[in-house]
There are 2 protein chains.
Amino acid sequence: MRPARSQLPPDDRPPPGLRERKKIKTREAIRAATYALIEEQGYDATTIDQIADRAEVSPSTVFRYFPAKEDIVLTDESGSLMVEELRARPAGEPWTDSVRHVMHRAVDAMTAGDPDVVRVRAHLAARVPAVRSRMIESMSRTGRLLREALAERSGPAADSLEVRVYATALVGALMEVTMAWAENGFQDDPRGMMDRALDVLEHGLPTGKP
Amino acid sequence: MRPARSQLPPDDRPPPGLRERKKIKTREAIRAATYALIEEQGYDATTIDQIADRAEVSPSTVFRYFPAKEDIVLTDESGSLMVEELRARPAGEPWTDSVRHVMHRAVDAMTAGDPDVVRVRAHLAARVPAVRSRMIESMSRTGRLLREALAERSGPAADSLEVRVYATALVGALMEVTMAWAENGFQDDPRGMMDRALDVLEHGLPTGKP
DNA sequence: TTCGAGATGAGAGTGACTCCCGAATCCACG
DNA sequence: CGTGGATTCGGGAGTCACTCTCATCTCGAA
């Protein structure tokens, strides 16, 4: 409803036209309406019609902007960003460090923005299966993108089983960190949690009996 | 449609009653009809009504037997089985060996049964998002069950981030092995693939530069 | 045989999502 | 300016998965 302050990337170029600006506004309106309704009634009780009403658009328009109801509450963007980030790391850097850096950035992206929105989103990802599925699906896509960049840095080929497993484990770690963070009331330090997760993936589970 | 020969567990006890036998038959009929229709038309083009028609039941009955369309093609059972299996391992055994054993069993379960059915199922898991989501969801549940058994054997607590990440990585590995196996035309040895996947989780990605 | 519990079929209803078409709106061009 | 072409929007009809209800039927135990 109210204008979004651009917190992350300060808009480089001026607004390109009235049409584009309207589209962005509509998109924001739909999202805002959705978050508001979900906080009032819960996810399942919130229908597309209600969202359309509050956003003052038609139900058709809602689907023109978002392919599915779950997608309204998800942001994404992370996928290609992580890959670029990984490619941009200095060539000499050990690949585990590069990965760690990128995963930190992913955690940052996950936890940035309006705290209320972050909270609701994490909550939905934890409780609503449909939303969780979409998020996992999106992360899988990220994992697939990661393979190539990962293969460039480490040893094996991009489509080798080893790289596939590792990439999937990375996105799984991102998910677990997010979930655990949400379940613990958003108190712990997400980057520290990610470090612990990455330690597990690099060295295996810490065991009591060496 | 035609009677299912019990391939896996030879029925220990005699049939407990006509009612139960009918239920099993109906369940099989619905499944068989579904697989047949999917092979003819594809998943999306197959409706519940068509399935009900071919299985000679009402649409209501289909939903009485399966909570959702995707569940008709999935088998599951694996979750609690894996946990029992893990608990049953000898106490002295290194926990990595126990895990490896259990994951082998999981792969076996995934690849057992009618090869046609296995093929179609793997194909659907790879191509149809809804089916894949369900499968992942089911695997996540397995992962949650694994935590406790995993914690008993290794060092950290069951709800620690470390165990969560590792358990998720395990089910992720199971998924990648299944997918990669399906994508390669079911030619490779699934247990060998699982071994390679577990090596990655135990020691990290193999790197060209030691 | 009878009686109760569980299984089934039929129907109405909901909600997400698609398709289509006519009307309104914006943008570039003359 | 203003006009033509392209986008965008609203609205309506339609599909399909899934839920709920209720009457009917069938099995199984007494």
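Here is the naming used below: chain letters follow the sequence lines, and residue numbers restart at 1 for every chain. Hydrogens, waters and symmetry mates play no part in the numbers below; they use all other heavy atoms, side chains included. From a predicted model like this one, the values you see are computed outputs, not experimental measurements.
- By the ring-ring contact (aromatic ring centres under 6.0 Å, His included) test, B:Phe186 pairs with B:Trp181, sequence neighbours left out.
- Annotation: side chain to side chain contact (heavy atoms under 4.5 Å, CB included) contacts of B:Phe63 (sequence neighbours excluded): B:Ile48.
- The nearest whole Å value for the distance from the CZ atom in B:Phe66 to the P atom in D:dC16 is 21 Å.
- In this structure, CD1 of A:Ile51 is placed 13 Å from C1' of C:dC17, rounded to the nearest angstrom.
- Every residue two or more places apart in sequence or in another chain that forms a side-chain hydrogen bond (donor to acceptor under 3.5 Å, both in side chains) with A:Asp71 is listed here: A:Arg134.
- Annotation: proximity of residues 39-48 of chain A to DNA chain C (heavy atom, distance under 4.0 Å) is found for A:Thr46, A:Thr47, A:Ile48, numbered in ascending order.
- Remark: C1' of D:dT15 and CG of B:Asp49 are 11 Å apart, rounded to the nearest angstrom.
- Taking the side-chain hydrogen bond (donor to acceptor under 3.5 Å, both in side chains) definition, one finds that A:Gln50 meets it with nothing, sequence neighbours left out.
- Residue B:Lys69 contributes atom NZ, which lies 16 Å from atom P of D:dT15 at whole-angstrom precision.
- In this structure, B:Asp71 atom CG and D:dA17 atom C1' are separated by 13 Å, rounded to whole Å.
- Rounded to an integer number of Å, the gap from A:Ile30 CD1 to C:dC17 P is 13 Å.
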Generate the contact string for nucleotides 2-14 of chain C. Rules: B means base contact, S means sugar-phosphate contact only, - means no protein heavy atom under 4.0 Å. ---BBSBBBB---
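- Here A:Arg132 pairs with B:Glu137 under the side-chain hydrogen bond (donor to acceptor under 3.5 Å, both in side chains) rule; sequence neighbours left out.
- For residues 184-194 of chain B, every residue pair satisfying the salt bridge (Lys or Arg N to Asp or Glu O under 4.0 Å) rule, not counting sequence neighbours, is listed here: B:Asp108-B:Arg191.
- Under the rule for a side-chain hydrogen bond (donor to acceptor under 3.5 Å, both in side chains), the partners of B:Arg105 that lie at least two apart in sequence or sit in another chain are B:Glu85.
- If you take CD of B:Glu70 and C1' of D:dA17, they are 9 Å apart, rounded to a whole angstrom.
- Between the side chains of A:Thr168 and B:Glu176, at least one donor-acceptor pair of N or O atoms lies under 3.5 Å.
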